[in-house]
Amino acid sequence: MTHPIHDLDDLVHQRSRLGILVMLSEGGRVQFSLLQDNLGLSEGNLSRHLTTLEAAGYVTIEKGYEGRRPRTWARLTNEGRQALNQEVTALKAIVAKAEARPGPATPKRRLSHGTAAT
Amino acid sequence: VSTSEFGSVDAADALTELDRLRRRTRRQRRGFWFPLILFGLLILASAPLYSVHETVSTTAENQADLTHYLRALGAMLKQDGDLRVRSTAPADAAVAACSIGPDPQVGDCGLTAAQTRQLRTLAPANPVFHPQTKQPSPARAALFWLVAGTAGYLLTAAFYRRRAIRRGVATSVRVYVTTGVGLLAAVAATTAASVFPLGNLVIRQMVPLVAIGIGLVILAYAERSFALAAVGTAFVAAILATSGINTTPTPLGPTYLALAFLTPYRLAFLGALLLAAGIAFAAAERVGHTAP
């Protein structure tokens, strides 16, 4: 039986991108500025993460206007939702496996805080 | 970014952080205090339309029978609401306002001595319990809800749209449109039907209220809110509880049960219920918004 760590998706498994997917899963669509505020990202970083997620087919980007103000909205696709669910399931499985096993926790490496889109 | 050697502590931290972010986004998106307050006020405004000031013809042949009749009626109406009693004597056009309570008296009904006499002269062959009610027309309440319910729903949609623009997060429009069209169709269909499949005119007046309750439960699902789901469920339960629906046969027949379904007082209670919940949610949102 493989360790649930192998179910983690490198593309999704990144702090900011995971955060983006979670926020989008909670709203029909979310504005760029709110993503930026809640995730504490610079405009450039957020743009790069969104481009990566869009290229993977996990989000769609809509550009438009509210009145005269230009707005950018992001929306989660079905594939994105599926990827997020899979990631959360894998994370829960890792925790559950560690809790079920006596002794020290597995060697740890922090969840990547990298800002560059890979 | 590698996932190798990702630790369980990290996984737990990540889940906690995601949960925090999820809750924060939900808080920013939610605004259900608005529909609760709005529909609470609409229900309060509709209360007078549910008046049970009814004209009932009775063939009670004497004062004792009439008292007995009123007592039974009062017990069914559970004390709220008034009733107008009219004798069926051909020459008697008098209508007396009558308070309905646990122990009603003919005197309480404001019957004059002449009216009481007239009641006593009714044909003894007629049964005491032979009420011929003139049901209240449900048209006013039905029309009110078709207009006010639709307007309330559109106002709620406008509120959410405006809020989505201001806050930057919107829920799925599809859920709102589907729910709105579905509920409006249900209310319109039951209103238009000359005979509602489940019963009578008064039930039709109840349908808009149940539709509001169902709308709240669907909103709770869309907003992922157990608290709102609890309010919606409690509201529907309160409608059913206060409407006094039961199938117990009574000597007065089902039409009197229908009369007892919804009264202004009960409507006021239902409206106050939503209003109180809306104010509580608005206060909670304000506290959450100003919290560090």
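Naming: A, B, ... by sequence-line order, numbering from 1 per chain.
- Under the 4.0 Å criterion applied to side-chain N and carboxylate O atoms, A/Glu26 and B/Arg23 are not assigned as salt-bridge partners.
- Distance CD/B/Gln28 to CE/A/Met23: 6.0 Å, rounded to 0.5 Å.
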Derivation and outcome, side-chain contact (heavy atoms from CB on, under 4.5 Å), residues B/Thr25 and A/Val22: CA-CA 9 Å; B/Thr25 311; A/Val22 164; 5.8 Å; no
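- Residue-level contacts of residues 31-40 of chain A with chain B, in order of numbering, are A/Gln31, A/Leu34, A/Asn38, A/Leu39; threshold 4.5 Å between heavy atoms.
- Other residues, nucleotides and ligands contribute at most 12 non-hydrogen atoms within 6.0 Å of the CD atom of A/Glu43.
- Contact of the A/Leu18 side chain with the B/Leu21 side chain is not registered, since no non-hydrogen atoms from C-beta on lie closer than 4.5 Å.
- Crowding of A/Glu79 atom CD: a count of heavy atoms from other residues, nucleotides or ligands under 6.0 Å exceeding 12.
- For B/Arg22, the parts lying under 4.5 angstrom from a heavy atom of chain A are both the backbone and the side chain.
- Separation of atoms CD1 (A/Ile94) and CG (B/Leu15) is listed at 8.5 Å; rounding is to 0.5 Å.
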